[in-house]
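Notes follow once the structure below has been shown.
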Amino acid sequence: GGVGMATGAYVPSKAVWLPAMKAKGLEISGTFARRGGAIHMDVSLTNKAMSVMTDFAIQFNKNSFGLAPAAPLQVLTPLSPNQTVEVSLPLSTNGPVMKMEPLNNLQVAVKNNIDVFYFSCQYPISMLFVEDGRMDRQLFLGTWKDIPSDSETQFQIKDCHLSADAVCNKLQGSNVFTVARRTADAQELLYLSLKLTNSIWVLAELRVQSANPNHTLSVRCRAPEVSQYVCQSFELILRN
Amino acid sequence: ELDDGLDEAFSRLAECRANP
């Protein structure tokens with residue numbers, strides 16, 4: 001839960017990215033959220049050292065989707081011992097691109113008056129799902145058929161007790177759009193689309209059976225390396 | 001939904017996927 005709830009989008013809870021013992025007393029925990037069409041890195045900085053910390057700045061390494069700070073890290077007053085400050089850093093997707101492993105890995109450098117510290121974190125790929133990700137129905141059918149079935153990624157979402165309506169609503173809260181719905185052979189088939197910030201389209205079919213809490217997700221994408229991350233993100237969205 | 005042939009195409013796709 002947390003800050004992203006107003007739009008219904010999935011937001012992971014904050015995790016410790018940099019423990020104080022690895023950063024001369026600076027502890028950083030954080031999460032990522034998409035709010036009002038903009039991506040934010042929401043961080044808590046805690047001073048667990050015995051002296052005041054000042055002069056904070058942040059930099060990202062090249063990453064798969066060109067994420068970069070869109071503004072300086074604003075820590076307006078010195079951080080006293082035992083003090084925590086919450087900062088919401090807006091991010092752009094116009095930074096330098098380099099494919100990372102895993103794809104959603106982000107390497108970060110943070111400096112203060114004491115030293116420079118480095119850590120890695122992973123962002124939910126769903127924060128890259130843009131608001132205009134509903135694909136035209138004719139384009140969906142054509143694209144689905146164009147992408148060979150052997151590059152389809154299948155994934156089981158187990159023990160999910162949501163109705164097809166609830167699934168559609170929950171996914172739409174994270175910019176996954178229902179292009180069409182059909183009932184066939186006692187299954188509800190949902191045809192879904194999303195678009196990533198780098199304009200990669202992802203098409204999906206989710207099979208929901210009313211008597212079975214295990215749903216089958218099939219994903220087709222012209223950049224098939226993103227499919228497994230999208231599958232995992234659907235599971236996180238539907239479970240939260 | 002508009003009957004522009006797409007409804008039918010989605011129905012065929014769903015049938016085909018549900019009964020491969």
Side-chain angles (χ1 to χ4, degrees), chain A residues 134-157 163-165 167-168 176-193 201-212 214-221 227 231 234, chain B:
Chain A
R134 186 190 296 280
M135 187 179 261
D136 169 80
R137 294 178 351 134
Q138 186 152 21
L139 187 57
F140 184 102
L141 284 164
T143 308
W144 181 271
K145 286 168 187 167
D146 264 5
I147 298 173
S149 57
D150 58 4
S151 61
E152 178 176 304
T153 300
Q154 280 211 352
F155 187 81
Q156 293 291 318
I157 298 176
S163 67
D165 280 339
V167 165
C168 292
V176 180
F177 299 95
T178 306
V179 174
R181 286 173 69 161
R182 288 293 180 277
T183 303
D185 197 23
Q187 301 172 68
E188 185 124 27
L189 292 95
L190 310 176
Y191 291 98
L192 307 159
S193 74
W201 283 94
V202 180
L203 289 69
E205 175 197 79
L206 186 62
R207 272 189 249 181
V208 179
Q209 300 171 65
S210 52
N212 183 346
N214 302 330
H215 304 334
T216 304
L217 177 65
S218 307
V219 170
R220 292 190 185 189
C221 178
S227 295
C231 288
F234 274 41
Chain B
E1 294 182 358
L2 295 172
D3 185 11
D4 48 9
L6 294 177
D7 286 341
E8 181 55 32
F10 270 109
S11 296
R12 278 200 305 274
L13 175 62
E15 280 294 337
C16 174
R17 298 280 300 179
N19 301 293

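In what follows, every chain begins at residue 1, and chains take the letters A, B, ... in the order their sequences are listed. The figures here come from the full heavy-atom set of this structure, side chains too, leaving out hydrogens, waters and symmetry mates.
Of all heavy-atom pairs spanning A:Arg207 and B:Arg17, the tightest one is NH1-O, 3.4 Å. A:Leu189 and B:Ala14 get closest at one heavy-atom pair: CD2-O, 4.0 Å. Closest non-hydrogen pair, B:Ala9 versus A:Leu141, comes out as CB-CD1, 3.6 Å.
Residues B:Leu6 and A:Phe140 form no side-chain contact, since every pair of their non-hydrogen atoms from C-beta on lies 4.5 Å or further apart.
For A:Arg182 (side chain) and B:Asp7 (main-chain N/O), a donor-acceptor pair under 3.5 Å exists by modelled atom type.
Of the atoms belonging to A:Gln138, heavy atoms from both backbone and side chain fall under 4.5 Å from chain B.
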